[in-house]
Amino acid sequence: MTLKDECTYLGIDLSTQQLKGVIVDENLQILSETHVQFDSMLPEFRTHSGVVRADKKTVTAPVLMWVKALDLLLDKLRVCGADFSKVAALSGTAQQHGTVYWQIGAENILHSLDPSNFLHSQLASCFSISHSPIWMDSSTTKQCQMLEEAVGGAEKLAEITGSKAYERFSGAQIAKIAETKPNAYANTERISLVSSFACSLFLGSYAPIDWSDASGMNLLDIQKKEWSQACLQVCGSNLESKLGEPVPSYTDLGPINEYYVERFGFNPHCRIISFTGDNPASLAGMRLGANDIAVSLGTSDTLFLWLSEPKTLPEGHIFVNPVDSDAYMALLCFKNGSLTRERIRNLYCSGSWDEFNRLLESIPRGNFGNFGLYYDSQEIIPFVQGDFRFDKAGSSVSKFTSPEFEVRALIEGQFLARRAHAEDLGFSVGPGTRIIATGGASNNKTILQVLSDCFNAPVFILEAANSAVLGAAYQAKHGRLRNNSNENVTFSSITSCVPVPVLACEPYKNSAKIYDPLVKRYRKIIKEIQTRTDSRS
Ligand code: XUL
(Lines give C-alpha, C1' and ligand atoms only; values in the text may rest on other atoms or scores of the structure.)
Protein backbone atom coordinates (compact mmCIF):
# COMPACT_ATOMS: atom_id res chain seq x y z
CA MET A 1 0.00 0.00 0.00
CA THR A 2 1.31 3.46 -0.81
CA LEU A 3 0.05 6.84 0.30
CA LYS A 4 -1.54 8.73 -2.56
CA ASP A 5 -3.17 12.17 -2.66
CA GLU A 6 -5.92 11.45 -0.18
CA CYS A 7 -3.60 11.45 2.78
CA THR A 8 -4.26 12.82 6.25
CA TYR A 9 -2.17 13.94 9.23
CA LEU A 10 -2.53 13.10 12.90
CA GLY A 11 -1.70 15.46 15.77
CA ILE A 12 -1.50 14.27 19.38
CA ASP A 13 -1.46 16.48 22.48
CA LEU A 14 -0.52 14.99 25.84
CA SER A 15 -1.53 17.89 28.06
CA THR A 16 -1.98 18.10 31.81
CA GLN A 17 -5.61 17.01 32.04
CA GLN A 18 -6.16 15.06 28.86
CA LEU A 19 -4.75 13.40 25.80
CA LYS A 20 -6.15 14.80 22.55
CA GLY A 21 -5.97 13.57 18.99
CA VAL A 22 -6.94 15.37 15.80
CA ILE A 23 -6.83 14.18 12.21
CA VAL A 24 -6.65 16.79 9.45
CA ASP A 25 -6.88 16.40 5.69
CA GLU A 26 -4.38 17.56 3.08
CA ASN A 27 -5.85 21.11 3.41
CA LEU A 28 -5.38 20.94 7.18
CA GLN A 29 -9.13 20.90 7.82
CA ILE A 30 -10.22 18.85 10.83
CA LEU A 31 -11.71 15.45 9.96
CA SER A 32 -11.95 13.86 13.39
CA GLU A 33 -10.95 14.74 16.90
CA THR A 34 -11.38 13.22 20.30
CA HIS A 35 -9.79 13.12 23.72
CA VAL A 36 -9.26 11.06 26.85
CA GLN A 37 -9.82 12.92 30.11
CA PHE A 38 -7.48 11.46 32.70
CA ASP A 39 -9.51 11.94 35.92
CA SER A 40 -12.82 10.66 34.62
CA MET A 41 -11.77 8.09 32.03
CA LEU A 42 -8.84 6.61 33.92
CA PRO A 43 -10.05 6.92 37.53
CA GLU A 44 -7.84 4.03 38.67
CA PHE A 45 -4.86 6.41 38.65
CA ARG A 46 -6.59 8.70 41.15
CA THR A 47 -5.45 11.97 39.64
CA HIS A 48 -7.05 15.35 40.24
CA SER A 49 -6.92 17.49 37.12
CA GLY A 50 -4.45 14.98 35.74
CA VAL A 51 -1.91 15.26 38.53
CA VAL A 52 -0.96 13.80 41.89
CA ARG A 53 0.08 16.21 44.63
CA ALA A 54 2.31 14.70 47.30
CA ASP A 55 2.58 18.05 49.05
CA LYS A 56 2.15 21.70 48.08
CA LYS A 57 5.30 21.74 46.01
CA THR A 58 5.63 18.18 44.69
CA VAL A 59 3.46 17.46 41.68
CA THR A 60 3.70 14.38 39.47
CA ALA A 61 1.63 12.33 37.02
CA PRO A 62 1.61 8.52 36.67
CA VAL A 63 3.45 7.69 33.48
CA LEU A 64 1.41 4.52 32.89
CA MET A 65 -1.75 6.63 32.91
CA TRP A 66 -0.39 8.46 29.87
CA VAL A 67 0.40 5.13 28.18
CA LYS A 68 -3.05 3.76 28.91
CA ALA A 69 -4.60 6.96 27.63
CA LEU A 70 -2.93 6.34 24.28
CA ASP A 71 -4.50 2.86 24.03
CA LEU A 72 -7.87 4.49 24.69
CA LEU A 73 -7.39 7.47 22.40
CA LEU A 74 -6.56 5.41 19.35
CA ASP A 75 -9.59 3.19 20.00
CA LYS A 76 -11.80 6.26 20.44
CA LEU A 77 -10.51 7.81 17.21
CA ARG A 78 -11.30 4.59 15.38
CA VAL A 79 -14.82 4.65 16.81
CA CYS A 80 -15.13 8.25 15.51
CA GLY A 81 -14.51 6.86 12.03
CA ALA A 82 -10.81 7.70 11.65
CA ASP A 83 -9.13 5.77 8.86
CA PHE A 84 -5.57 5.33 10.09
CA SER A 85 -4.46 3.79 6.81
CA LYS A 86 -4.57 7.29 5.26
CA VAL A 87 -2.38 8.98 7.89
CA ALA A 88 0.79 9.98 6.03
CA ALA A 89 2.56 11.39 9.08
CA LEU A 90 1.91 12.11 12.70
CA SER A 91 3.44 14.48 15.18
CA GLY A 92 2.59 15.58 18.66
CA THR A 93 2.97 17.93 21.51
CA ALA A 94 2.89 17.71 25.29
CA GLN A 95 2.99 19.76 28.45
CA GLN A 96 6.50 21.15 28.73
CA HIS A 97 9.24 20.41 31.28
CA GLY A 98 7.99 17.02 32.64
CA THR A 99 10.46 14.13 32.52
CA VAL A 100 10.03 10.38 31.97
CA TYR A 101 12.60 7.84 33.17
CA TRP A 102 12.98 4.67 31.08
CA GLN A 103 14.45 1.70 32.93
CA ILE A 104 17.43 -0.21 31.52
CA GLY A 105 16.07 -2.68 28.95
CA ALA A 106 12.92 -0.67 28.18
CA GLU A 107 13.91 0.04 24.60
CA ASN A 108 14.00 -3.69 23.84
CA ILE A 109 10.38 -3.89 24.95
CA LEU A 110 9.51 -0.85 22.79
CA HIS A 111 11.14 -2.58 19.80
CA SER A 112 9.08 -5.74 20.17
CA LEU A 113 5.56 -4.65 21.09
CA ASP A 114 2.96 -7.40 20.69
CA PRO A 115 -0.03 -6.10 18.67
CA SER A 116 -2.46 -8.41 20.43
CA ASN A 117 -1.84 -6.70 23.77
CA PHE A 118 -2.41 -3.26 25.27
CA LEU A 119 0.56 -0.91 25.44
CA HIS A 120 0.16 -0.27 29.15
CA SER A 121 0.41 -3.96 30.10
CA GLN A 122 3.54 -4.39 27.99
CA LEU A 123 5.23 -1.24 29.27
CA ALA A 124 4.27 -1.73 32.93
CA SER A 125 7.84 -2.39 34.05
CA CYS A 126 9.57 0.04 31.70
CA PHE A 127 9.86 3.06 33.97
CA SER A 128 12.38 3.54 36.77
CA ILE A 129 10.24 6.40 38.16
CA SER A 130 6.53 5.58 38.14
CA HIS A 131 5.38 9.17 38.72
CA SER A 132 6.90 11.75 36.44
CA PRO A 133 7.61 15.19 37.84
CA ILE A 134 5.63 17.72 35.76
CA TRP A 135 5.60 21.46 35.10
CA MET A 136 3.49 22.22 38.19
CA ASP A 137 6.20 20.94 40.51
CA SER A 138 8.09 23.61 42.42
CA SER A 139 10.11 21.47 44.82
CA THR A 140 13.55 22.07 43.31
CA THR A 141 14.63 25.49 44.62
CA LYS A 142 17.87 24.00 45.93
CA GLN A 143 18.76 22.43 42.57
CA CYS A 144 17.96 25.71 40.81
CA GLN A 145 20.44 27.55 42.98
CA MET A 146 23.04 24.88 42.28
CA LEU A 147 22.49 25.19 38.55
CA GLU A 148 22.78 28.98 38.53
CA GLU A 149 25.90 28.91 40.69
CA ALA A 150 27.54 26.30 38.47
CA VAL A 151 27.43 28.55 35.40
CA GLY A 152 28.12 31.86 37.11
CA GLY A 153 24.70 33.20 38.04
CA ALA A 154 21.09 33.52 36.89
CA GLU A 155 21.85 35.89 34.04
CA LYS A 156 24.56 33.63 32.65
CA LEU A 157 22.21 30.65 32.78
CA ALA A 158 19.58 32.69 30.92
CA GLU A 159 22.17 33.67 28.32
CA ILE A 160 23.09 30.01 27.69
CA THR A 161 19.75 28.24 28.03
CA GLY A 162 17.17 30.98 27.36
CA SER A 163 15.86 31.10 30.93
CA LYS A 164 17.19 31.60 34.41
CA ALA A 165 16.66 28.54 36.64
CA TYR A 166 13.01 27.65 37.15
CA GLU A 167 11.82 24.95 39.53
CA ARG A 168 9.64 23.29 36.92
CA PHE A 169 12.37 23.12 34.28
CA SER A 170 13.74 19.64 33.61
CA GLY A 171 17.40 20.19 34.59
CA ALA A 172 16.55 20.89 38.22
CA GLN A 173 13.94 18.09 38.19
CA ILE A 174 16.48 15.56 36.91
CA ALA A 175 19.05 16.77 39.47
CA LYS A 176 16.52 16.17 42.25
CA ILE A 177 15.85 12.59 41.06
CA ALA A 178 19.61 11.89 40.75
CA GLU A 179 20.11 13.17 44.28
CA THR A 180 17.09 11.72 46.09
CA LYS A 181 16.61 8.46 44.14
CA PRO A 182 20.15 7.49 43.13
CA ASN A 183 19.28 3.83 42.40
CA ALA A 184 16.38 4.72 40.17
CA TYR A 185 18.59 7.28 38.41
CA ALA A 186 21.35 4.68 37.90
CA ASN A 187 18.76 2.24 36.50
CA THR A 188 17.57 4.79 33.95
CA GLU A 189 18.87 4.30 30.41
CA ARG A 190 16.96 7.18 28.84
CA ILE A 191 15.31 10.35 30.09
CA SER A 192 12.58 11.71 27.82
CA LEU A 193 10.53 14.86 28.00
CA VAL A 194 6.79 14.16 28.03
CA SER A 195 6.75 15.04 24.31
CA SER A 196 9.62 12.76 23.28
CA PHE A 197 8.22 10.01 25.53
CA ALA A 198 4.89 10.10 23.65
CA CYS A 199 6.80 10.14 20.38
CA SER A 200 8.83 7.08 21.47
CA LEU A 201 5.61 5.12 21.94
CA PHE A 202 4.79 5.58 18.23
CA LEU A 203 8.34 5.10 17.04
CA GLY A 204 9.00 1.92 18.99
CA SER A 205 12.39 3.26 20.06
CA TYR A 206 13.66 6.26 21.99
CA ALA A 207 12.73 9.44 20.16
CA PRO A 208 15.19 12.33 20.43
CA ILE A 209 14.23 15.48 22.31
CA ASP A 210 13.54 18.39 19.93
CA TRP A 211 15.33 21.74 20.21
CA SER A 212 12.24 23.75 21.14
CA ASP A 213 11.12 21.58 24.01
CA ALA A 214 14.77 21.10 25.03
CA SER A 215 14.86 24.89 25.51
CA GLY A 216 12.56 24.36 28.53
CA MET A 217 15.11 22.29 30.40
CA ASN A 218 17.82 24.77 31.45
CA LEU A 219 20.21 22.29 29.82
CA LEU A 220 20.38 23.25 26.14
CA ASP A 221 22.73 25.87 24.80
CA ILE A 222 20.09 27.52 22.63
CA GLN A 223 22.60 29.19 20.32
CA LYS A 224 24.80 26.16 19.68
CA LYS A 225 21.77 23.83 19.84
CA GLU A 226 23.69 21.29 21.84
CA TRP A 227 23.63 20.31 25.49
CA SER A 228 25.55 22.69 27.74
CA GLN A 229 28.25 20.59 29.41
CA ALA A 230 28.40 22.95 32.40
CA CYS A 231 24.66 22.46 33.02
CA LEU A 232 24.70 18.71 32.42
CA GLN A 233 27.50 18.20 34.90
CA VAL A 234 25.62 19.55 37.90
CA CYS A 235 22.38 17.73 37.15
CA GLY A 236 23.47 14.09 37.05
CA SER A 237 26.18 11.66 36.03
CA ASN A 238 26.18 10.33 32.46
CA LEU A 239 23.36 12.71 31.70
CA GLU A 240 24.33 13.33 28.09
CA SER A 241 23.97 9.67 27.17
CA LYS A 242 20.68 9.43 29.05
CA LEU A 243 19.28 12.39 27.09
CA GLY A 244 20.47 11.46 23.60
CA GLU A 245 21.21 14.03 20.93
CA PRO A 246 18.57 16.76 20.44
CA VAL A 247 17.17 17.42 16.94
CA PRO A 248 15.25 20.14 15.05
CA SER A 249 11.54 20.09 15.86
CA TYR A 250 10.40 19.02 12.40
CA THR A 251 12.74 16.06 12.04
CA ASP A 252 11.34 12.99 10.29
CA LEU A 253 12.31 10.22 12.70
CA GLY A 254 11.24 7.22 10.66
CA PRO A 255 8.19 5.05 10.07
CA ILE A 256 5.55 4.17 12.64
CA ASN A 257 6.16 1.03 14.67
CA GLU A 258 4.67 -2.23 13.39
CA TYR A 259 2.46 -2.46 16.49
CA TYR A 260 0.21 0.36 15.21
CA VAL A 261 0.09 -1.10 11.72
CA GLU A 262 -1.12 -4.46 13.00
CA ARG A 263 -3.34 -3.26 15.81
CA PHE A 264 -4.91 -0.09 14.43
CA GLY A 265 -4.44 -0.38 10.68
CA PHE A 266 -1.89 2.45 10.28
CA ASN A 267 -0.08 2.56 6.98
CA PRO A 268 3.47 1.15 7.37
CA HIS A 269 4.73 4.25 5.47
CA CYS A 270 3.29 6.65 8.05
CA ARG A 271 6.14 8.91 9.19
CA ILE A 272 6.77 10.02 12.75
CA ILE A 273 7.76 13.68 12.99
CA SER A 274 9.46 14.83 16.17
CA PHE A 275 7.08 15.91 18.96
CA THR A 276 7.53 19.21 20.82
CA GLY A 277 6.25 21.19 23.81
CA ASP A 278 2.75 22.69 23.94
CA ASN A 279 3.87 26.32 23.84
CA PRO A 280 6.03 25.88 20.73
CA ALA A 281 3.23 23.82 19.16
CA SER A 282 0.75 26.64 19.90
CA LEU A 283 3.00 29.07 18.05
CA ALA A 284 2.82 26.66 15.10
CA GLY A 285 -0.96 26.18 15.46
CA MET A 286 -1.53 29.94 15.47
CA ARG A 287 0.80 30.26 12.48
CA LEU A 288 2.50 33.11 14.27
CA GLY A 289 4.82 35.10 12.02
CA ALA A 290 7.64 37.55 12.62
CA ASN A 291 5.23 40.55 12.66
CA ASP A 292 2.78 39.02 15.08
CA ILE A 293 2.33 38.82 18.79
CA ALA A 294 0.03 36.22 20.30
CA VAL A 295 -1.78 37.14 23.48
CA SER A 296 -3.45 34.26 25.25
CA LEU A 297 -5.98 35.59 27.75
CA GLY A 298 -6.55 32.70 30.12
CA THR A 299 -6.19 31.93 33.83
CA SER A 300 -2.83 33.52 33.33
CA ASP A 301 -2.04 35.72 30.34
CA THR A 302 0.71 34.48 28.06
CA LEU A 303 2.51 36.33 25.29
CA PHE A 304 4.25 34.58 22.43
CA LEU A 305 6.61 36.33 20.10
CA TRP A 306 8.67 35.31 17.12
CA LEU A 307 12.30 36.41 17.53
CA SER A 308 15.01 36.30 14.90
CA GLU A 309 17.75 36.51 17.53
CA PRO A 310 17.84 35.14 21.06
CA LYS A 311 17.60 37.65 23.91
CA THR A 312 18.59 37.39 27.54
CA LEU A 313 15.56 37.95 29.73
CA PRO A 314 15.45 38.62 33.45
CA GLU A 315 12.12 36.74 33.51
CA GLY A 316 10.41 34.76 30.78
CA HIS A 317 11.73 32.22 28.35
CA ILE A 318 13.43 32.01 25.00
CA PHE A 319 12.95 28.79 23.05
CA VAL A 320 14.34 27.68 19.72
CA ASN A 321 11.53 28.30 17.21
CA PRO A 322 9.73 25.05 16.33
CA VAL A 323 8.99 25.91 12.71
CA ASP A 324 12.28 27.60 11.77
CA SER A 325 15.29 26.49 13.78
CA ASP A 326 17.32 29.54 12.85
CA ALA A 327 14.77 31.68 14.69
CA TYR A 328 13.61 31.82 18.29
CA MET A 329 10.40 32.45 20.19
CA ALA A 330 9.75 34.21 23.46
CA LEU A 331 7.23 33.19 26.05
CA LEU A 332 6.18 35.61 28.76
CA CYS A 333 3.78 34.43 31.40
CA PHE A 334 1.74 36.84 33.55
CA LYS A 335 0.06 35.04 36.40
CA ASN A 336 -2.67 37.61 37.02
CA GLY A 337 -4.94 37.25 34.03
CA SER A 338 -8.56 36.11 34.06
CA LEU A 339 -8.74 35.42 37.78
CA THR A 340 -7.91 39.04 38.51
CA ARG A 341 -10.36 40.24 35.87
CA GLU A 342 -13.00 38.05 37.50
CA ARG A 343 -12.25 39.46 40.97
CA ILE A 344 -12.79 43.03 39.80
CA ARG A 345 -15.92 41.95 37.87
CA ASN A 346 -17.32 40.29 41.01
CA LEU A 347 -16.42 43.22 43.21
CA TYR A 348 -17.78 46.03 41.03
CA CYS A 349 -20.17 44.43 38.53
CA SER A 350 -22.02 41.76 40.57
CA GLY A 351 -20.29 39.06 38.55
CA SER A 352 -21.71 40.28 35.22
CA TRP A 353 -19.49 40.63 32.15
CA ASP A 354 -22.19 42.74 30.48
CA GLU A 355 -22.01 45.22 33.32
CA PHE A 356 -18.20 45.05 33.26
CA ASN A 357 -18.20 45.86 29.54
CA ARG A 358 -20.71 48.65 30.02
CA LEU A 359 -18.49 50.28 32.67
CA LEU A 360 -15.38 49.77 30.56
CA GLU A 361 -16.99 51.52 27.59
CA SER A 362 -18.42 54.34 29.70
CA ILE A 363 -15.01 55.93 30.35
CA PRO A 364 -12.78 57.37 27.64
CA ARG A 365 -9.41 55.84 26.84
CA GLY A 366 -6.81 57.00 29.33
CA ASN A 367 -9.28 56.72 32.23
CA PHE A 368 -9.13 60.47 33.07
CA GLY A 369 -5.61 59.92 34.37
CA ASN A 370 -6.52 57.15 36.80
CA PHE A 371 -4.03 54.31 36.67
CA GLY A 372 -4.13 50.93 38.39
CA LEU A 373 -2.19 47.69 38.62
CA TYR A 374 -3.80 44.68 40.25
CA TYR A 375 -1.90 41.56 41.25
CA ASP A 376 -3.95 39.06 43.26
CA SER A 377 -1.15 36.53 43.39
CA GLN A 378 2.59 37.02 43.25
CA GLU A 379 3.22 38.19 39.69
CA ILE A 380 6.06 36.67 37.66
CA ILE A 381 6.75 39.69 35.46
CA PRO A 382 7.37 41.91 37.37
CA PHE A 383 7.79 40.28 40.76
CA VAL A 384 5.09 42.22 42.67
CA GLN A 385 1.84 41.57 44.50
CA GLY A 386 -1.08 43.71 45.65
CA ASP A 387 -3.32 46.46 44.24
CA PHE A 388 -1.81 49.80 43.27
CA ARG A 389 -3.92 52.80 42.31
CA PHE A 390 -2.84 56.29 41.31
CA ASP A 391 -4.95 59.31 40.52
CA LYS A 392 -4.45 61.91 37.83
CA ALA A 393 -1.96 63.82 39.96
CA GLY A 394 0.09 60.66 40.49
CA SER A 395 -0.88 60.29 44.15
CA SER A 396 -1.36 56.79 45.46
CA VAL A 397 -5.03 56.18 46.41
CA SER A 398 -6.66 53.21 48.11
CA LYS A 399 -9.74 53.24 45.88
CA PHE A 400 -11.01 55.11 42.85
CA THR A 401 -14.07 57.27 43.19
CA SER A 402 -16.30 55.03 41.10
CA PRO A 403 -16.38 51.43 39.78
CA GLU A 404 -15.90 52.38 36.12
CA PHE A 405 -12.46 53.79 36.93
CA GLU A 406 -11.51 50.48 38.58
CA VAL A 407 -12.62 48.44 35.59
CA ARG A 408 -10.82 50.59 33.03
CA ALA A 409 -7.73 50.90 35.21
CA LEU A 410 -7.51 47.11 35.51
CA ILE A 411 -7.75 46.37 31.78
CA GLU A 412 -5.54 49.27 30.69
CA GLY A 413 -2.96 48.42 33.38
CA GLN A 414 -2.84 44.78 32.32
CA PHE A 415 -2.42 45.50 28.63
CA LEU A 416 0.06 48.34 29.07
CA ALA A 417 2.17 45.91 31.12
CA ARG A 418 1.93 43.27 28.37
CA ARG A 419 3.04 45.87 25.83
CA ALA A 420 5.93 47.22 27.94
CA HIS A 421 7.37 43.75 28.52
CA ALA A 422 6.91 42.79 24.87
CA GLU A 423 8.81 45.98 23.96
CA ASP A 424 11.60 44.93 26.30
CA LEU A 425 12.01 41.95 23.98
CA GLY A 426 12.40 44.22 20.99
CA PHE A 427 8.77 44.06 19.86
CA SER A 428 7.37 47.16 18.24
CA VAL A 429 4.27 47.80 16.22
CA GLY A 430 4.97 48.29 12.54
CA PRO A 431 3.07 47.97 9.29
CA GLY A 432 1.42 44.56 9.20
CA THR A 433 1.67 43.89 12.94
CA ARG A 434 -1.10 41.61 14.15
CA ILE A 435 -2.09 40.84 17.70
CA ILE A 436 -3.55 37.36 17.74
CA ALA A 437 -5.80 36.92 20.75
CA THR A 438 -6.72 33.49 22.10
CA GLY A 439 -8.01 32.05 25.36
CA GLY A 440 -11.27 32.59 27.28
CA ALA A 441 -11.27 36.38 27.43
CA SER A 442 -10.66 36.65 23.67
CA ASN A 443 -14.45 36.20 23.32
CA ASN A 444 -14.94 39.60 24.91
CA LYS A 445 -14.80 42.27 22.17
CA THR A 446 -14.89 45.17 24.64
CA ILE A 447 -11.75 43.87 26.33
CA LEU A 448 -10.12 43.23 22.94
CA GLN A 449 -10.77 46.84 21.92
CA VAL A 450 -8.70 48.03 24.89
CA LEU A 451 -5.97 45.53 23.92
CA SER A 452 -5.99 46.95 20.40
CA ASP A 453 -5.83 50.55 21.66
CA CYS A 454 -3.08 49.91 24.22
CA PHE A 455 -0.88 48.28 21.56
CA ASN A 456 -2.11 50.56 18.76
CA ALA A 457 -2.43 47.50 16.53
CA PRO A 458 -5.31 45.47 15.11
CA VAL A 459 -6.46 42.43 17.07
CA PHE A 460 -7.34 39.18 15.31
CA ILE A 461 -8.96 36.07 16.69
CA LEU A 462 -8.59 32.45 15.71
CA GLU A 463 -11.60 30.38 14.83
CA ALA A 464 -10.12 27.07 15.92
CA ALA A 465 -9.40 26.50 19.59
CA ASN A 466 -6.71 23.99 20.59
CA SER A 467 -3.86 25.61 18.73
CA ALA A 468 -1.30 23.20 20.27
CA VAL A 469 -2.80 19.99 18.87
CA LEU A 470 -3.45 21.65 15.51
CA GLY A 471 0.13 22.88 15.50
CA ALA A 472 1.23 19.27 15.92
CA ALA A 473 -0.92 18.15 12.98
CA TYR A 474 0.47 20.98 10.81
CA GLN A 475 3.98 20.05 11.88
CA ALA A 476 3.32 16.44 10.78
CA LYS A 477 2.69 17.67 7.24
CA HIS A 478 5.56 20.16 7.39
CA GLY A 479 8.02 17.55 8.64
CA ARG A 480 6.98 14.97 6.07
CA LEU A 481 7.22 17.31 3.08
CA ARG A 482 10.26 19.22 4.25
CA ASN A 483 12.25 16.04 4.62
CA ASN A 484 10.94 14.30 1.49
CA SER A 485 10.68 16.99 -1.13
CA ASN A 486 13.21 18.64 -3.39
CA GLU A 487 11.31 21.91 -3.27
CA ASN A 488 11.95 24.61 -0.72
CA VAL A 489 9.27 23.71 1.80
CA THR A 490 8.62 26.11 4.67
CA PHE A 491 6.09 25.91 7.46
CA SER A 492 4.26 28.96 6.16
CA SER A 493 4.03 27.57 2.63
CA ILE A 494 2.64 24.30 4.00
CA THR A 495 0.03 26.03 6.15
CA SER A 496 -1.04 28.76 3.71
CA CYS A 497 -4.32 26.83 3.19
CA VAL A 498 -5.36 27.39 6.84
CA PRO A 499 -8.00 30.14 7.23
CA VAL A 500 -6.39 33.36 8.40
CA PRO A 501 -7.30 34.82 11.80
CA VAL A 502 -10.34 37.09 11.70
CA LEU A 503 -10.07 40.83 12.41
CA ALA A 504 -11.84 41.57 15.72
CA CYS A 505 -10.99 45.24 16.28
CA GLU A 506 -8.77 48.06 15.17
CA PRO A 507 -7.24 50.78 17.33
CA TYR A 508 -8.82 54.22 17.49
CA LYS A 509 -6.86 56.87 15.60
CA ASN A 510 -5.50 58.68 18.64
CA SER A 511 -4.48 55.52 20.52
CA ALA A 512 -0.73 56.08 20.19
CA LYS A 513 -1.10 59.60 21.54
CA ILE A 514 -2.94 58.33 24.59
CA TYR A 515 -1.13 55.12 25.33
CA ASP A 516 2.53 55.75 24.36
CA PRO A 517 2.95 58.07 27.38
CA LEU A 518 1.05 55.58 29.55
CA VAL A 519 3.58 52.84 28.78
CA LYS A 520 6.21 55.20 30.16
CA ARG A 521 4.01 55.86 33.16
CA TYR A 522 3.67 52.10 33.74
CA ARG A 523 7.46 51.68 33.68
CA LYS A 524 7.97 54.50 36.15
CA ILE A 525 5.29 53.24 38.53
CA ILE A 526 6.47 49.64 38.46
CA LYS A 527 10.02 50.76 39.18
CA GLU A 528 8.78 52.70 42.20
CA ILE A 529 6.70 49.77 43.46
CA GLN A 530 9.67 47.43 43.13
CA THR A 531 12.01 49.82 44.89
CA ARG A 532 9.49 50.15 47.72
CA THR A 533 9.09 46.35 47.96
CA ASP A 534 12.87 45.79 47.84
CA SER A 535 13.56 48.29 50.59
CA ARG A 536 10.92 46.62 52.80
CA SER A 537 12.36 43.11 52.35
C1 XUL B 1 5.37 26.70 30.22
C2 XUL B 1 4.64 25.84 31.18
C3 XUL B 1 3.27 25.43 30.85
C4 XUL B 1 3.19 24.01 30.44
C5 XUL B 1 1.72 23.63 30.43
O6 XUL B 1 6.62 27.06 30.63
O7 XUL B 1 5.13 25.47 32.20
O8 XUL B 1 2.72 26.24 29.85
O9 XUL B 1 3.84 23.80 29.23
O10 XUL B 1 1.40 22.61 29.65
Side-chain angles (χ1 to χ4, degrees), residues 11-20 35 37-38 47 49-51 57-61 66 69 92-100 132-140 144 157-158 161-173 192-198 209-220 222 249 275-286 288 294-305 313 315-322 328-338 377 379-381 421 438-440 465-472:
I12 299 284
D13 179 11
L14 206 179
S15 60
T16 312
Q17 304 200 37
Q18 57 182 2
L19 177 67
K20 287 189 216 89
H35 70 275
Q37 194 78 24
F38 301 137
T47 56
S49 307
V51 310
K57 294 193 161 174
T58 313
V59 188
T60 61
W66 293 335
T93 178
Q95 50 176 296
Q96 290 201 259
H97 318 300
T99 39
V100 173
S132 285
I134 64 149
W135 66 280
M136 294 163 93
D137 186 281
S138 58
S139 64
T140 60
C144 286
L157 187 67
T161 69
S163 304
K164 67 174 203 178
Y166 284 90
E167 276 82 355
R168 67 187 191 288
F169 274 44
S170 325
Q173 293 292 343
S192 293
L193 290 179
V194 185
S195 59
S196 61
F197 146 78
I209 295 174
D210 76 291
W211 290 344
S212 294
D213 214 5
S215 314
M217 300 176 80
N218 278 141
L219 293 177
L220 186 81
I222 59 164
S249 304
F275 285 29
T276 191
D278 54 1
N279 293 299
S282 286
L283 175 127
M286 289 188 260
L288 201 80
V295 181
S296 163
L297 301 169
T299 310
S300 39
D301 288 352
T302 312
L303 295 193
F304 294 86
L305 272 167
L313 302 181
E315 294 293 342
H317 316 296
I318 305 291
F319 299 148
V320 176
N321 192 302
Y328 293 84
M329 63 175 280
L331 177 81
L332 300 181
C333 188
F334 302 86
K335 234 192 220 165
N336 294 280
S338 286
S377 48
E379 187 49 88
I380 305 172
I381 312 172
H421 296 290
T438 63
N466 298 338
S467 46
V469 73
L470 278 176

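Just so it is clear, the values below take in all heavy atoms, side chains as well, and ignore hydrogens, waters and symmetry mates. Ligands are counted one by one from 1 in listed order, and the atoms in each one are counted from 1 as well.
In Asn279, the part holding a heavy atom less than 4.0 Å from any atom of ligand 1 is the side chain.
Of the listed residues (Ser215, Ser249, Ser196), just one forms a side chain to side chain donor-acceptor pair (under 3.5 Å) with Asp210, and that residue is Ser249.
The nearest non-hydrogen atom to atom 6 (O) of ligand 1, considering only Met136, Gln96, His97, comes from His97.
Under a 4.0 Å criterion applied to the non-hydrogen atoms of Asp278, ligand 1 contributes the atoms 4 (C), 5 (C), 9 (O), 10 (O). Short contacts between ligand 1 and Gln95, defined as distances under 4.0 Å to a heavy atom of the residue, involve ligand atoms 10 (O).
Polar contact with ligand 1: present for Arg168 (N/O pair, distance under 3.5 Å).
Aromatic rings from Phe169 and His317 are positioned such that their centres are separated by under 6.0 Å.
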Please determine whether side-chain contact (heavy atoms from CB on, under 4.5 Å) holds for the pair Gln96 and Asp278, giving the CA-CA distance in whole Å, both sets of side-chain angles, and the decisive distance to 0.1 Å. CA-CA 6 Å; Gln96 290 201 259; Asp278 54 1; 3.4 Å; yes
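Here CG of Asn466 is found 11.5 Å from OG1 of Thr93. Values are rounded to the nearest 0.5 Å.
Annotation: side chain of Trp66 is in contact with side chain of Val100 (closest heavy-atom distance under 4.5 Å).
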